[in-house]
Amino acid sequence: MLRCGGLRMPKGCHRLKTQQSGCYLCCFIDFLRYFVKVAWAWTFWLLLPFIGVTTYLFAKSKFLYGPTKSILAALRRLSTLLVGTAVWYVCTELFVYIENLTGTCSTSSKLSEPHQLYATKQECHRNNGIWNGFDISGHCFLLSYCALMIVEEMAVLEGLSIDRNSRLRVVINGLFVSLCFLTMIWVFMFLCTTVYFHDFSQKLLGALIGLAAWYATYRVWYLKPFSPGLPLPNIPLSSKKYSYSR
């Protein structure tokens, strides 16, 4: 592993180690790699106010709900984030389990020393070993799932009318721009992952699991009555005919 500015550089960066610009590029990619480790936290905290405010306004203005019923509608939609958190946790723990189950540890121990067996990747790394297991790409899974979820949730703006002079309009527009920018980062990091990290099969499986999680929630479960529901007005994104009044 190469280091640049105190950061460990991605494995693929050894091809660029003789070029200064390549070093800067790899440092930037490595920084974003650590940024992606908290991708769900960024997505969660931006979607939290966006879903809450837009659902409340939509329920109150379009469905003519009272304050209490509008708040309940917003809370129901916010449970989407709890579902997303559960999906993130279960899948990442499953990936770690599979990698530990299929992996072996390679160490540079001396011949006179007894050969040790390690049950987990963490134990192997603590002894300066290299763990060789089937590492399903958590980045491809999480980035694809987060990007699709953001796009689905922003579809509520197609049917939401907001007064031009309203302060909430500024807040919603600010959240909208932030979510768009975050989605671009996730797409960029997805492309970086396909270049620098994991084998093809690991990246493909990670992305397919992300797509499956999105489809199982937004295209199957959220259409059912006992679910967080789709973004108001509870119509699939492909079927919406509303327009956002600007």
Side-chain angles (χ1 to χ4, degrees), residues 32 35-88 142-191 210-211 213-215 217-246:
L32 290 180
F35 178 79
V36 170
K37 287 185 180 294
V38 290
W40 177 245
W42 286 105
T43 305
F44 183 98
W45 290 113
L46 277 177
L47 282 178
L48 179 64
F50 181 82
I51 294 175
V53 173
T54 55
T55 302
Y56 179 84
L57 290 177
F58 198 105
K60 196 172 182 180
S61 62
K62 293 290 185 179
F63 293 164
L64 302 179
Y65 288 170
T68 302
K69 197 171 182 179
S70 297
I71 291 174
L72 291 176
L75 290 176
R76 180 191 177 191
R77 286 291 304 124
L78 285 172
S79 63
T80 303
L81 297 177
L82 297 180
V83 175
T85 302
V87 169
W88 161 75
L142 187 56
L143 294 172
S144 59
Y145 180 67
C146 286
L148 288 169
M149 185 175 182
I150 291 173
V151 172
E152 288 283 355
E153 294 299 334
M154 288 196 299
V156 69
L157 294 179
E158 296 183 23
L160 186 62
S161 300
I162 307 175
D163 187 0
R164 292 180 179 273
N165 298 322
S166 173
R167 292 183 179 180
L168 283 177
R169 184 184 180 86
V170 177
V171 173
I172 292 174
N173 283 341
L175 290 171
F176 173 74
V177 172
S178 299
L179 287 168
C180 288
F181 181 69
L182 190 65
T183 304
M184 288 191 295
I185 293 178
W186 295 160
V187 172
F188 173 71
M189 280 310 304
F190 185 91
L191 295 176
L211 290 172
W214 160 77
Y215 188 87
T217 50
Y218 283 90
R219 289 294 180 267
V220 179
W221 183 32
Y222 290 177
L223 298 177
K224 309 297 182 182
F226 297 101
S227 72
L230 291 170
L232 295 180
N234 291 326
I235 299 175
L237 180 61
S238 58
S239 302
K240 289 186 176 178
K241 300 179 180 179
Y242 296 88
S243 59
Y244 176 41
S245 301
R246 295 191 176 277

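Count residues from 1 along the sequence.
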A.B. asks: Which pair of non-hydrogen atoms, one from Ala73 and one from Ala59, has the smallest distance, and what is that distance?
C.D. replies: CB-CB, 4.2 Å
A.B. asks: Which distance, rounded to the nearest 0.5 Å, do you find between the SG of Cys146 and the CZ of Phe190?
C.D. replies: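 Answer for the SG-CZ pair, Cys146 versus Phe190, is 12.5 Å.
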A.B. asks: Please find the pair of heavy atoms, one from Leu142 and one from Ala39, that lie closest to each other, and give the distance.
C.D. replies: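 For Leu142 and Ala39, the tightest heavy-atom pair comes out as CD2-CB, 3.6 Å.
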A.B. asks: Can you tell me how far the CD1 atom of Ile51 sits from the CG atom of Leu81, to the nearest 0.5 Å?
C.D. replies: 4.5 Å
A.B. asks: Is the shortest side-chain heavy-atom distance between Val83 and Pro228 below 4.5 Å?
C.D. replies: yes
A.B. asks: Side chains of Leu223 and Arg219: does their closest heavy-atom pair fall under 4.5 Å?
C.D. replies: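 No. Closest side-chain heavy atoms not under 4.5 Å.
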A.B. asks: Assess the residue pair Leu57 and Ile172 against the criterion (side chain to side chain contact (heavy atoms under 4.5 Å, CB included)); give the C-alpha distance rounded to whole Å, side-chain angles, the decisive distance to 0.1 Å, and a yes or no.
C.D. replies: CA-CA 11 Å; Leu57 290 177; Ile172 292 174; 3.6 Å; yes
A.B. asks: Checking Trp214 now: which residues fulfil side chain to side chain donor-acceptor pair (under 3.5 Å) with it, not counting sequence neighbours?
C.D. replies: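 Partners of Trp214 by the side chain to side chain donor-acceptor pair (under 3.5 Å) criterion, ordered by chain and then number, come out as Glu152.
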A.B. asks: May I have the step-by-step check of side chain to side chain contact (heavy atoms under 4.5 Å, CB included) for Leu148 and Tyr218, ending in yes or no?
C.D. replies: CA-CA 10 Å; Leu148 288 169; Tyr218 283 90; over 6 Å; no
A.B. asks: Got a sec: does the CH2 of Trp221 have more than 12 other heavy atoms crowding it under 6.0 Å?
C.D. replies: yes
A.B. asks: Counting only pairs under 3.5 Å, give me each side-chain donor-acceptor contact of residues 175-186, with atom names and distances, residues two or more places apart or in other chains.
C.D. replies:
from, atom 1, to, atom 2, distance (Å)
Ser178, OG, Gly174, O, 2.9
Thr183, OG1, Leu179, O, 2.7
Trp186, NE1, Thr43, OG1, 3.2

A.B. asks: Do the side chains of Trp40 and Met149 get nearer than 4.5 Å, heavy atoms only?
C.D. replies: yes
A.B. asks: Under 3.5 Å, is there a donor-acceptor pair linking the side chains of Arg77 and Thr80?
C.D. replies: yes
A.B. asks: One pair to check against side chain to side chain contact (heavy atoms under 4.5 Å, CB included): Ile150 and Tyr145. What are the steps and the verdict?
C.D. replies: CA-CA 9 Å; Ile150 291 173; Tyr145 180 67; over 6 Å; no
A.B. asks: With rounding to the nearest 0.5 angstrom, report the CG to OG1 distance, Leu72 to Thr55.
C.D. replies: 12.5 Å
A.B. asks: Quick one: list whatever passes side chain to side chain donor-acceptor pair (under 3.5 Å) with Ser144, sequence neighbours left out.
C.D. replies: none
A.B. asks: Out of curiosity, Phe58 CZ to Ser70 OG, how far, rounded to the nearest 0.5 Å?
C.D. replies: 11.5 Å
